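For ligands, and for the atoms within them, numbers begin at 1 and follow the listed sequence. Small disclaimer: the values here were computed from a predicted structure and weren't measured.
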Amino acid sequence: MKKKNLADRTLLCHDDQAYWDHKGAIVPPIYQNSLFAFDGWDAIDDAFSNMSQSYVYSRLHNPGSRIVEEKLAALAGAEDAKLTASGMGAISAAILHYVKHGDHIVTIKDLYAPANTFINEFLKEKCGIACTFVNGTRLEAFAEAINERTKLIYLESPASITMSLQDIKAVVALAKEKGIKIVIDNTWASPLYQKCIQMGVDLEVHSVSKYLGGHSDIVAGVILGSKKELASILTKEHALLGPKMAPFESWLLLRSLRTFTLRMKAHNDSGLQVAKYLEAHPEVVKVNHPGLESFPQYQLGKEQMSGYGSLMSFELKTRDIDKIKNFVNALQIFHLGVSWGGHESLVYAPVISYMKELPPDRFDAMGIVPGLIRISVGLEEPKDLIKDLGSALALIN
Ligand SMILES: *Cc1c(COP(=O)(O)O)cnc(C)c1O
């Protein structure tokens, strides 16, 4: 789909066909329409014969979304893409595409909590789908968990709380040998820094609400994969469950993609600076960031990613919940909130929601301790962020 072999940065800034299709408008318009009219019986008949390509009704395709889908597919090295109303919309559609009643899924213990709940509770209770949660850092754990009913391995690398990695190529090789499909949540590294489709995964999903959107003003998702799989998802999981992207959201996303490579470079650089600062701080036990040489899977990270996201977690030395609260409340630039990947730096203590979202055994299995703090490094001057963290850390002792 990458027509002129453009570099990622050019691809995302440049519109070729879209420009000419819209009277030369340098920013394509928002198509705020539910349906498309046809000039005769044969034309609508043809459209229905080729639903995966046609504009019939905006629950399936919308021209504004298509521009973005083509850009994202080219960026990820995938044949096609489908935007969805949220990251969870992409995750649930991609998983449901591969499993049915009686099947078995293998996934990681430290999975994004709503995906964990979807698999472990929703699919189990409503659809009779079984699941095994493994320590994804051990390749043998996947092999041990696979049984004759396993249809899907669902990965998230790096995982968004612990930043732990899975060896993507090795898990793909294992899955292919057994005829098992692989879906990966690639939100952390983004389609810029980790090319999962080229590593052989069947479908790649993202929460576009994070780096791809980047401005904390949209909730959206995307599924990337082959034309064949995407055409099937379009007419099944997407058309029937209806997690469609709104026209305005896809227009905002096109705006976001113009600066995506520049933003990711800034996130990569500032994130590493902040991670190194925290790692050297006496009140910090350890920092989970795959770009630190102290990270247990540093080498693997270098092999499968060409850059890093700026979401990281670190463990405070103190276990005293009042001191941890004081630290979080003392931060001036880091805002307290969920989500990540936007222009603004954020802080969050996973202990706040995970204790409510997940049963204690799952919570423990994820390796979350009360002193675990998660930060998303935004686009501010990193020196200001480091100063902010330093002042708040100084209060602990
Ligand atoms: C936020 C997030 C999601 C869910 O995305 P939404 O757009 O909020 O539905 C999925 N995976 C990861 C890793 C996330 O951080």
Note to self: Please determine whether a side-chain nitrogen of the Lys or Arg among R66 and D21 lies less than 4.0 Å from a carboxylate oxygen of the Asp or Glu.
What the structure shows: no

Quick one: do D388 and K383 make a salt bridge, cutoff under 4.0 Å?
-> no

| What do you reckon, does I91 put a non-hydrogen atom under 4.0 Å from ligand 1? | yes

Side chain or backbone, does K210 bring an N or O within less than 3.5 Å of an N or O on ligand 1? yes

Note to self: Test your reading of the structure: does S160 have an N or O sitting under 3.5 Å from an N or O of ligand 1?
What the structure shows: no

query = Is the shortest distance from a heavy atom of W340 to ligand 1 less than 4.0 Å?
reply = yes

Atoms of ligand 1 under 4.0 Å from any heavy atom of S209, numbered from 1 in the order shown, are 6 (P), 7 (O)

min-distance protein heavy atom vs atom 5 (O) of ligand 1 -> S207 OG, 2.9 Å

Note to self: Would A220 count as a contact residue for ligand 1, given that I'm defining contact as a non-hydrogen atom of the residue lying under 4.0 Å from a ligand atom?
What the structure shows: yes

Candidates D185, L212, I161; heavy atom nearest atom 13 (C) of ligand 1 found on D185

**Request:** Considering only NZ, NE, NH1 and NH2 on the basic side and carboxylate oxygens on the acidic side, decide whether K195 and D8 come within less than 4.0 Å.
**Result:** yes

| Short N-O contact, E121 and K124, less than 4.0 angstrom | no

- Query: Is V219 in polar range of ligand 1, meaning some N or O pair under 3.5 Å apart?
  - Reply: no

Identify whether the distance between the nearest side-chain nitrogen and carboxylate oxygen of D15 and K71 falls below 4.0 Å.
yes

Closest to atom 6 (P) of ligand 1 among protein heavy atoms sits G87 N, 3.3 Å

Test side-chain contact (heavy atoms from CB on, under 4.5 Å), reference T84, set H238, K244, E237, output is H238

- Would R138 and E144 pass as an ion pair if we require N to O under 4.0 Å? yes

